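The structure appears right after this line, and notes come after that.
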Amino acid sequence: MAAGPQQKVSIVRGRLLWFHREPLGADDRSSFTYIEDGALVCMGGLIAWAGAWADLPADHRGAAVSDHRPHLIVPGFIDPHIHFPQGQVVASYAGSLLEWLNSYTFIEEQRYGDPPFAAAMAKRFCDMLLAHGTTTAVAFGSVHKASAQALLAEAAARNMRLVTGKVMMDRNAPEALTDTAQTGHDDTKALIDEWHGAGRLEVAISPRFALTSTDAQMEAAGALAREHPDCLIQTHLSENHGEIEAVEALFPDAVDYTDVYERFGLLTSKSLMGHCIHLSDREIGRMAETGAVAVFCPTSNLFLGSGLFDLDRIKGGGVRHAIATDIGGGTSWSLLKTLDEGYKVLNLQGHRFHPYRAFWQATRGNAEAIGMADRIGTLDAGTEADFVVLDAAATDAMALRMERAETLAEELFVLQTLGDDRAVKSVYVAGTEASASGPL
């Protein structure tokens, strides 16, 4: 790819790692590319070339170089389930999902009806994402259209890839935090018309969960999904036993919780279903057949005592899967810490979560889940230049452990187990370096 007269070329040097498919095991080195001394040529927001430093094309050798050796460069992390209005309810004491929603979250989210407040918090939200190495997020807004507009505008200003939508809720929430079936539809439609496909932005159809939507609103969400089949659908499914019982009471004609979404046209290959802890065999079968995605939210599931996500059962049933922070029920903004807790959840069930598989999941795996693996989650030439620089010796404890680490897998596991935002040394968004150590 030759540079045009107005295109700035920059080169980033370091150790490169990216995945091509889900690793089959600890010895599956063909699933990824690892280059000990590599280079990324960035041009026009894309990766124009990736390979060994020694093979750098001659016509790029005069470009400016950012040398991050000996650190590891991986694709930017992708968070497919996070709540924009919940950054200030993280670490709020509660015993279960419904208690936490009613005691803290529904109160906090009412503040996002104020556009200046939402705009100010959108800046802080994006700051936090980037500081933790997350370059793409699929985020829930509040019920207010203004919340989604604020986040989309902030992401646009930073040229970040982001998906969001206002949640649709017309019952079982405070009056100040409810819409109607009609206004929920119309506000979402307006957001799609204005923002979907603008630059690196998309709008998601976002019925919060069946518990907070009437039949009429679920029908309206389904109508939007049919009218805009390229839009992602984000919601929650089978997180907590009390939630499941409440949904069954509200929708007595449904076979089960999953069937509620399916009967309204909300269970498709574009559906990101948060949690999916307590699914029956029938529900797993329907998710597999429709192509819906089960999103593993380990820190949230542990914090709220919701249960243990059975990834092997989900994967064995042919269901597509992802992993996410779920801020603010989740307790860390870091995908590294999320992988750490995911490892523990699976280990408790006698399952393994090898670091190759974990880093595939947080990058290309999550990109596949949201249908964007042709654009993000990789360092392949022609894709968007979103990547992070990681230091596996960022803290004294990590440095001590790394003195004995001998393999790439060991290094990744140190990052996964001991790492957090301190391990993120630099973040690149569309080829431009952003600060990862404080307000941007």
Side-chain angles (χ1 to χ4, degrees), residues 1-20 32-78 126-127 129-136 155-162 198-201 359 362-364 367 372-394 408 411-412 415 421 423-440:
M1 182 185 294
Q6 303 300 320
Q7 289 185 315
K8 179 181 177 182
V9 176
S10 61
I11 298 173
V12 179
R13 185 176 183 181
R15 293 185 297 125
L16 307 181
L17 171 67
W18 72 100
F19 291 84
H20 312 296
F32 61 86
T33 293
Y34 173 66
I35 303 174
E36 186 68 31
D37 185 4
L40 298 173
V41 177
C42 301
M43 184 171 59
L46 303 178
I47 296 173
W49 183 89
W53 175 259
D55 298 330
L56 183 69
D59 58 347
H60 294 314
R61 290 191 177 272
V65 177
S66 297
D67 192 344
H68 291 288
R69 292 175 299 168
H71 301 320
L72 183 68
I73 300 173
V74 302
F77 297 133
I78 299 163
C126 291
D127 285 349
L129 291 178
L130 294 175
H132 289 82
T134 298
T135 55
T136 296
R158 300 175 189 235
N159 200 20
M160 287 180 67
R161 180 159 287 286
L162 183 124
R200 306 181 73 199
L201 305 175
F359 272 77
T363 56
R364 185 182 181 92
M372 297 186 188
D374 60 330
R375 287 167 277 174
I376 57 174
T378 175
L379 300 180
D380 286 332
T383 60
E384 296 170 4
D386 294 345
F387 48 88
V388 296
V389 181
L390 301 175
D391 178 5
L408 174 63
E411 179 182 7
L412 294 177
L415 283 163
D421 55 310
V424 177
K425 305 310 291 185
S426 189
V427 181
Y428 287 77
V429 174
T432 298
E433 188 172 15
S435 169
S437 58
L440 304 176

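Bear in mind that the values here come from a model prediction, so they are computed numbers and not experimental data. When a residue number appears, it is its place in the shown sequence, counting from 1.
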Start with the C-alpha gap between Leu408 and Phe359, add the side-chain angles, then the distance that decides, and say whether side-chain contact (heavy atoms from CB on, under 4.5 Å) holds. CA-CA 12 Å; Leu408 174 63; Phe359 272 77; over 6 Å; no

Report the residues that fulfil side-chain contact (heavy atoms from CB on, under 4.5 Å) with [X], sequence neighbours left out, ordered by chain and then residue number.
{"X": "Pro57", "value": "Trp49, Asp59, His60"}
{"X": "Ser66", "value": "His68, Tyr428"}
{"X": "Ala423", "value": "Leu336, Ala394, Met398, Leu415"}
{"X": "Ala63", "value": "Val9, Ile11"}

Got a sec, which residues hit side-chain hydrogen bond (donor to acceptor under 3.5 Å, both in side chains) with [X], two or more places apart in sequence or on another chain?
{"X": "Thr135", "answer": "none"}
{"X": "Arg13", "answer": "Asp37"}
{"X": "Ser10", "answer": "none"}

Out of curiosity, [X] [atom1] to [Y] [atom2], how far, rounded to the nearest 0.5 Å?
{"X": "Thr136", "Y": "Leu162", "atom1": "OG1", "atom2": "CG", "answer": "8.0 Å"}
{"X": "Met372", "Y": "Ile78", "atom1": "CE", "atom2": "CD1", "answer": "8.5 Å"}
{"X": "Leu390", "Y": "Lys425", "atom1": "CG", "atom2": "NZ", "answer": "10.5 Å"}
{"X": "Phe387", "Y": "Leu40", "atom1": "CZ", "atom2": "CG", "answer": "5.0 Å"}
{"X": "Glu384", "Y": "Asp386", "atom1": "CD", "atom2": "CG", "answer": "6.0 Å"}

So the salt bridge (Lys or Arg N to Asp or Glu O under 4.0 Å) pairs with at least one residue in residues 41-55 (sequence neighbours excluded) are none

Considering all heavy atoms of both residues, which atom of [X] and which atom of [Y] are nearest to each other, and what is their separation?
{"X": "Leu17", "Y": "Phe32", "answer": "CD1-CD1, 3.5 Å"}
{"X": "Ala367", "Y": "Gly377", "answer": "CB-CA, 4.1 Å"}
{"X": "Ala156", "Y": "Leu201", "answer": "CB-CD1, 3.8 Å"}
{"X": "Ile47", "Y": "Ala50", "answer": "CG2-CB, 4.2 Å"}
{"X": "Asn159", "Y": "Ala430", "answer": "ND2-CB, 3.3 Å"}

Arg61 (side chain) donor-acceptor with Leu56 (main chain) under 3.5 angstrom: yes

If only atom types and distance count, is the side chain of Arg364 paired as donor or acceptor with the main-chain N or O of Thr378 below 3.5 Å? no

Side-chain donor-acceptor distances from residues 69-77 under 3.5 Å, at least two apart:
from: Arg69; atom 1: NE; to: Asp67; atom 2: OD1; distance (Å): 3.0
from: Arg69; atom 1: NE; to: Asp67; atom 2: OD2; distance (Å): 3.1
from: Arg69; atom 1: NH2; to: Asp67; atom 2: OD2; distance (Å): 2.7

Applying the side chain to side chain contact (heavy atoms under 4.5 Å, CB included) criterion to Trp18, which one of Ile35, Thr363, Thr383 satisfies it? Ile35

Taking the side chain as C-beta and beyond, is there a heavy-atom pair between Asp127 and Arg158 under 4.5 Å? yes

Would you say Ile376 and Arg200 make side-chain contact, with heavy atoms under 4.5 Å? yes

Looking at residues at least two apart in the chain, or sitting in another chain, which of them share a salt bridge (Lys or Arg N to Asp or Glu O under 4.0 Å) with Arg375? Glu202

